[in-house]
Engineer: 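Got a structure for you, written out below as structure tokens; questions coming shortly.
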Amino acid sequence: MTTPRERNRRWLLLALGGVALASLLTWLFVRAGEVAPEVHYSYMQSLRRIEQADVELNAAVLGSYSDLVHNYDALVRHLREIREERPRILNFPGWTPVDHLPLLNAKLNDLLAAQLAKEAEIDRFQRSNAVLRNSLHYFPQAAEHYLQQAGAAAPPELGRFLRAVLSFGQGPDRDSVVGLMAMLERLEKVPAESLAKEPAGLAHLLVHARVIIERRPEVDQQVFRIMHSPTTQLHEELTRLYTAGHAASLSIAASYRRLLYTVALLLVLYVIYAVIRIDKNRRDLAQRLKAQRRAEAQLRLYARVFTSATEGMTITDAQSRILAVNPAFCAITGYAVEEVIGQTPAILNSGRQGPEFYRQMWAELLEYGQWHGEIWNRRKDGGIYPEWLSLAAVREDGEAVSHYIGVFTDISERKQNEARIQHLAHHDALTGLPNRLLLEDRIAQAIVKARRSKLPAAVVFVDLDRFKNINDTLGHEIGDHLLIQAAQRGLAVLRETDTLSRLGGDEFVVVLPELEQVQDAMHVTRKLLAAMGQPYLLAGHALTVTGSAGIVLCPDDGVTVSELLRKADAAMYRAKDEGRNTARFYAPDINRASLGELLLENDLRGALERGELSMHYQPKVDAATSRLIGAEALMRWQHPEHGPISPVRFIPLAEESGLIGGLGQWAIHDVCRQQRAWLDAGLPVVPVAVNISAHQFAQQDVPKLVAEALARHRLAPDLLTLELTESLLMRNAGRAVEVLHELRAMQIDVAIDDFGTGYSSLSYLNQFPLQALKIDRAFVCEIGEEGASGKLASAMIAMAHQLDLSVIAEGVETEAQRDYLRAHGCDQFQGFLFGRPQAAEAMGAVLAASRQT
Ligand SMILES: Nc1nc2c(ncn2[C@@H]2O[C@@H]3COP(=O)(O)O[C@H]4[C@@H](O)[C@H](n5cnc6c(=O)[nH]c(N)nc65)O[C@@H]4COP(=O)(O)O[C@H]3[C@H]2O)c(=O)[nH]1
């Protein structure tokens, strides 16, 4: 930007430059045209006329001298011409080069001097020649007359003298002057009486003779001097010098013309350049104007985004002083704009995060230029709320930070939803007791405590005796009420540190951590069974239901969750076997005798080789059109003695025994093999999802395994998808992110399975490159029962969509569930309503049928 002062100076310089250029051009123009031809020709003519007159003057002198012309008219005329013309050559034309002037002036002066000298000589010549002419004219007549008069009396020498004078008069001879003068003097001395009768005639004759003898050489000399006057030569020289001066002037004028032409040419070029520049500037200006308009429109858009965004936005300077906040900020925090401008965001500090949190946040923000995370802040009214905050440091041209920008969303509702999801995920919907997931966690904690405190823990498996009969005869509703009351009674007899959970149906499990003595476990169990065994008054019926319990001790009977549960279960069966309404401690023989899990595990080892395992396929359909769009592969074990065994039972066994690696690998290969077979059979295949267990994920290089299987069966990656559980991802987030990125690079889609049953927050799932989320069957089950669970499923769908995840609902059994989920934007359905898991042949038929729809 130029200041007005600079602009004025620039204009002044421009004006001065213009004046200087105009002066230069004028001067060049004048200099270039200064040699005016008419002045030159006039001067040359004057020179030539003088020269001509001079030549003719000489001719006139010669004419007079040779007596061809008897008057001096021509002579006088030429002299007059020269005199008249002379003033015209006295001043050289103004353009004559200055360095030529001294020589020209010197030559001119020489010429003038020579002319004056010549004029004087001519003047003398005129006079002498007139006298001589007169004598020459009269001398012959006088001689003739005298000789006639004197006759013989004439001096003897006279005849010779007369002839000599006559001859001398025609063409003088210098040498004869002396002799003639001697003769003349002698004749003049001849006494008059001795001469003839005409002495006066002789004297007259001798006077003429003297004139001839004296004047003839004089006139000759004068003519000689006139003829040899340097005027002619000086004329020539002056003309030559003048011509040279003229030529030099012409050359100088030509130089100026060239210079003028060059300057003019430069000016023309400059004008062209200026025009081009002006045009370019005009175009640049137009472009800049366009860009500026675009930028203004963009700014208006940004401003609209800023004011209408639902996220709170804060812009601070480098010292964190708030410069601007948007309306959403005010709506969320309760502060008015003027209350926060100039303050720092510390006014929102809730005290929930310690100094270390902020120190790390700032360190990350300054190092990476951004920070994202959850933070608790305080509203103006003192209320504390969680927000998802994204901070960015703005650096101009990589320099120091100039501003900070904060964008945040109030995630109170999401947090509440998550908390409710967590609660539901970990609690039984009917009784509100912890469910299997939370139970496993509590058992794990009890194991750790037992190890640390050396005080044993007990796990008690309680099953209500013949509860099924109540359900079957009095209906589920009464059964449910009974279970609720049983749970409440159970809770009433337990310590706060104990856990009572419901596994499902009529199965309860109690965790008793840090027992003072082992018998306490039996004591508490008996109290529990007694409480639960009291009569229940339900819908007018007084019901008594007893319970059987199996107790295991940690660490004596086991140190893993599954082991303790399995053994407690076995002990419970022993109690049932031994007459019900009783409790039994676990004993090693129980395990083998009642359940034979170990035997089962043993059987599982050879199951693959014996061909007892197979993959079944359950269809997935598009929520909007109900068209088949995928399938989930589910493993089936056909035990030769026990018949079909659920994967819920044998997959944990396979995980515990380390067999899961082989089974998982086989599952992927078998699904790929099957897809290839369907493809070869010309069926319209759909992507098939394979479950990956946490143990398999930890043990194997899943991307490599998938790549090998795809390559071996020549399958495109979009025909295979993977399902990983939420807890798997959370257990080793760092490695999971890496593996998921590898799979993404291979274009393998990954879905998160059983969502809602883990402990993860959706915000944290953000870091995983996932494509789909499967809502666990537990949440779908609740839909249609007028509970909160429907709301949870819809909250999950909304949150998953916010994370750009497609949502699949598992276990859709009823049309009510389907309609509810569809209305809330669920993308895909899987469940008995659309098809049960079925063998490959049956699935082939489903694929074939899908061609028609
Ligand atoms: N009540 C009801 N159930 C429905 C409905 N729709 C589907 N299901 C069942 O829900 C389970 C869905 O599989 P999942 O959640 O991955 O849960 C699976 C998965 O975690 C595991 N599993 C099965 N096959 C494999 C496998 O090949 N590898 C691994 N690692 N795990 C497997 O075993 C679990 C249980 O499998 P399944 O018994 O086949 O049970 C399947 C399926 O039969 C419905 O409408 N109502």
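Atoms within each ligand, like the ligands themselves, are counted from 1 in listed order.
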Engineer: Should the pair Glu723-Lys774 be classified as a salt bridge under the 4.0 Å nitrogen-to-oxygen rule?
Structural biologist: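 Between Lys774 and Glu723 there is a salt bridge, with a charged N closer than 4.0 Å to a carboxylate O.
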Engineer: Suppose we measure from atom 29 (C) of ligand 1 to each protein heavy atom; which comes out shortest, and what is that distance?
Structural biologist: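 Ranking protein heavy atoms by distance from atom 29 (C) of ligand 1, first comes Asn691 CB, 3.6 Å.
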Engineer: In terms of residue, atom name and distance, what is the protein heavy atom nearest to atom 36 (O) of ligand 1?
Structural biologist: Pro647 CG, 3.3 Å
Engineer: Does atom CD of Gln638 have more than 12 heavy-atom neighbours from other groups under 6.0 Å away?
Structural biologist: yes
Engineer: Any chance CZ of Arg735 has more than 12 other-residue heavy atoms, nucleotides or ligands included, within less than 6.0 Å?
Structural biologist: yes
Engineer: Does Arg777 pair with Glu813 as a salt bridge, N-O distance under 4.0 Å?
Structural biologist: no
Engineer: Under 4.0 Å from ligand 1, counting heavy atoms only, is it the side chain of Asp753, its backbone, both or neither?
Structural biologist: side chain
Engineer: Going by the order shown, which atoms of ligand 1 are within less than 4.0 Å of some heavy atom of Gly831?
Structural biologist: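 Result: 6 (N), 45 (O).
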Engineer: Quick one: nearest non-hydrogen protein atom to atom 5 (C) of ligand 1, plus distance?
Structural biologist: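 Here the nearest protein heavy atom works out to Phe832 CE2, 3.2 Å.
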Engineer: Which protein non-hydrogen atom lies closest to atom 43 (O) of ligand 1, naming both residue and atom, and how far is it?
Structural biologist: Pro837 CG, 3.3 Å
Engineer: Can you name the atoms of ligand 1, numbered from 1 with element, that are less than 4.0 Å from a heavy atom of Glu813?
Structural biologist: 1 (N), 2 (C), 44 (C), 45 (O), 46 (N)
Engineer: Which atoms of ligand 1 have any heavy atom of Val648 under 4.0 Å away?
Structural biologist: 35 (C)
Engineer: Kindly identify the option in Gln696, Glu810, Gln618, Gln830 whose heavy atom sits closest to atom 6 (N) of ligand 1.
Structural biologist: Gln618
Engineer: Which residue from Gln817, Arg777, Met635, Arg836 reaches closest to atom 9 (C) of ligand 1 through any of its heavy atoms?
Structural biologist: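 Checking each option, the heavy atom nearest atom 9 (C) of ligand 1 is found in Arg777.
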Engineer: With a 4.0 Å heavy-atom cut-off (strictly under), which part of Glu632 contacts ligand 1: side chain, backbone, both or neither?
Structural biologist: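 The answer is the side chain.
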Engineer: Just heavy atoms, cut-off under 4.0 Å: does Leu634 contact ligand 1 by side chain, backbone, both, or neither?
Structural biologist: both
